[in-house]
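Notes follow once the structure below has been shown.
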Protein chains: 2
Amino acid sequence: MDRRQQKTRQAIFEAFSILLERKNFSNITVQEIIDEANVGRSTFYAHFETKDDLLKTMCTDIFQHVFYEDLKQESSHDFSHAGHDFEKEITHILYHLQDNRKKLKGLFSCDSGEIFMKYFRGYLQETFPSYAGKLHQKAPFEYVLNMTICSFAETVRWWISGDKDYTPEQLASYFMEYIS
Amino acid sequence: MDRRQQKTRQAIFEAFSILLERKNFSNITVQEIIDEANVGRSTFYAHFETKDDLLKTMCTDIFQHVFYEDLKQESSHDFSHAGHDFEKEITHILYHLQDNRKKLKGLFSCDSGEIFMKYFRGYLQETFPSYAGKLHQKAPFEYVLNMTICSFAETVRWWISGDKDYTPEQLASYFMEYIS
DNA sequence: ACGTTATAAAACATTTTGTTCGATTTCTAT
DNA sequence: ATAGAAATCGAACAAAATGTTTTATAACGT
């Protein structure tokens with residue numbers, strides 16, 4: 001990828017991130033984004049179809065890092081094998097999310113939050129079913145799984161949006177206690 | 001209130017509700033709303049400042065009914081007295097929400113969902129703290145309360161959005177099992 | 001150093017928004 | 001029933017935002 005493209009892409013991402021902390025996604029105009037990012041109008045549209053597209057791209061971008069590139073580098077995470085510890089797994093994800101705190105905060109805010117959480121839940125669908133399956137409850141599995149995923153996503157949101165100073169270990173233990 | 005005002009207000013609410021099931025809040029134009037509602041442009045703006053205002057008004061409108069007018073008519077709900085049963089309380093709320101299923105479904109959908117859930121959680125803040133206070137967990141009260149409220153809101157969303165045919169009693173028991 | 005490709009800047013058509021005004025209909029109170 | 005008040009319609013309008021196109025310039029990779 002061309003250096004210039006990387007630069008503009010990054011500039012737009014950062015500008016967008018900053019603006020999201022200041023105001024709602026729906027009230028942000030393309031004009032404001034390109035002013036903050038200091039790029040031309042046509043350049044924006046060369047990279048993204050619409051503002052929605054920008055948001056979606058940013059979501060996949062972040063989660064791609066958190067769930068694949070970062071996590072995959074560490075060897076100790078084979079979800080499928082028997083002795084695997086769910087709480088440890090959660091803690092690891094929290095560490096990687098913590099590293100992206102700055103980028104994440106804006107995305108959690110009001111309008112964009114809905115889209116962002118949708119993506120987040122999508123990625124959690126890959127990790128959580130194997131754990132939720134072990135909980136034997138009277139409620140339908142479908143319900144328990146959905147709730148477990150939502151609860152984790154909300155836990156992270158509460159942590160990041162509220163600037164809570166808990167460590168990943170603490171937060172993971174609170175979460176585990178809550179869903180147990 | 002003038003009959004004409006009631007009629008247009010209702011027509012706009014219904015049109016909006018129908019459109020929300022078809023497409024995202026942010027992609028709905030005022031033009032589409034007034035076409036569907038069959039009212040003039042100036043009439044729309046006589047009732048609501050903006051599309052956002054319409055959404056907010058509709059949210060408060062619904063919850064006002066569900067949490068005050070409907071619930072207050074029944075005598076058996078004194079949250080403060082000692083023998084009060086949380087699960088019964090939940091069940092009651094679910095009954096009233098069920099009556100508004102049609103109106104609610106659109107509001108839960110993507111873009112509007114974030115605003116709607118915010119209002120929903122706001123109303124739950126009045127009911128839930130007294131219950132969440134009784135759960136003694138290691139996690140901060142603030143966290144447990146937030147999670148309990150979110151979990152209930154998500155439970156309702158899952159129920160309504162997914163057209164699940166569980167009775168309020170069933171759903172309440174699933175929820176109670178989940179948070180216990 | 002060369003051809004290629006991204007960007008900037010400005011101009012533009014289009015869409016959506018929100019306002020205004022006069023004519024018309026519908027309400028309420030008497 | 002009727003007169004006065006109030007809400008609606010519809011059309012026209014200004015303002016703002018979107019998305020596209022063009023050309024010249026600058027930065028890139030080989």
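All chains are named by letter (A, B, ...) in the order of the sequence lines, taking the proteins before the strands, and each is independently numbered beginning at 1.
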- Query: Contact class for A:N38 vs. all strands (heavy atom < 4.0 Å): base, sugar-phosphate, or nothing?
  - Reply: sugar-phosphate

- Output yes when B:E32 and B:R22 qualify as a salt bridge under the 4.0 Å nitrogen-oxygen rule, no when they do not. no

- Partner residues of B:Y174 under the ring-ring contact (aromatic ring centres under 6.0 Å, His included) criterion, sequence neighbours left out: B:Y166

- Query: Nearest-Å distance, CZ (A:R9) to P (D:dC28)?
  - Reply: 18 Å

What does the list of N/O pairs under 3.5 Å between the protein and nucleotides 12-17 of chain C look like, with a distance for each?
residue: C:dT17; atom: OP2; partner: B:V30; partner atom: N; Å: 3.2

- Could you tell me whether the side chain of B:K51 and the main chain of B:I28 form a donor-acceptor pair under 3.5 Å? yes

- Item | Spacing of A:Q5 atom CD relative to C:dT4 atom C1', expressed in whole Å | 12 Å

- Task: Rounded to the nearest angstrom, tell me the gap between atom CD in B:Q10 and atom P in D:dA7.
- Result: 18 Å

- Query: For residues B:S151 and A:Y178, is any side-chain donor paired with an opposing acceptor at under 3.5 Å?
  - Reply: yes

- Message: Counting primed atoms plus P, OP1 and OP2 as sugar-phosphate and everything else as base, spell out the protein contacts along nucleotides 25-30 of chain C at 4.0 Å heavy-atom distance: B, S or - for each nucleotide, 5' to 3'.
- Response: -BSS--

- Message: Using whole Å, what does the distance between atom C1' of nucleotide D:dT18 and atom CG of A:D53 come to?
- Response: 15 Å

- To the nearest Å, give me how far apart CD (A:E32) and C1' (D:dA16) are. 12 Å

- Whole angstrom is fine here: how far is it from CD in B:Q6 over to C1' in D:dA6? 14 Å

- How close or far is atom P of D:dT20 from atom NE2 of A:H47, stated in whole angstroms? 15 Å

- Using a heavy-atom cut-off of under 4.0 Å over every strand shown, decide if A:S42 touches base, sugar-phosphate, or nothing. base

- Task: Answer yes or no: is there a donor N or O on one side and an acceptor on the other, between the side chain of B:S161 and the main chain of B:W158, under 3.5 Å?
- Result: no

- Query: Below 6.0 angstrom between ring centroids: does that apply to A:F67 and A:Y123?
  - Reply: yes

- Message: Any carboxylate oxygen within less than 4.0 angstrom of a Lys/Arg side-chain nitrogen, looking at A:R9 and A:D61?
- Response: yes

- Item | Lys/Arg-Asp/Glu bridge criterion (N-O < 4.0 Å) met for B:R157, A:E114 | yes

- With a 6.0 Å cut-off on ring centres, are B:F128 and B:F86 close enough? yes

- Query: Counting only side-chain N and O atoms of A:T43, is one of them less than 4.0 Å from OP1 or OP2 of C:dA6?
  - Reply: no

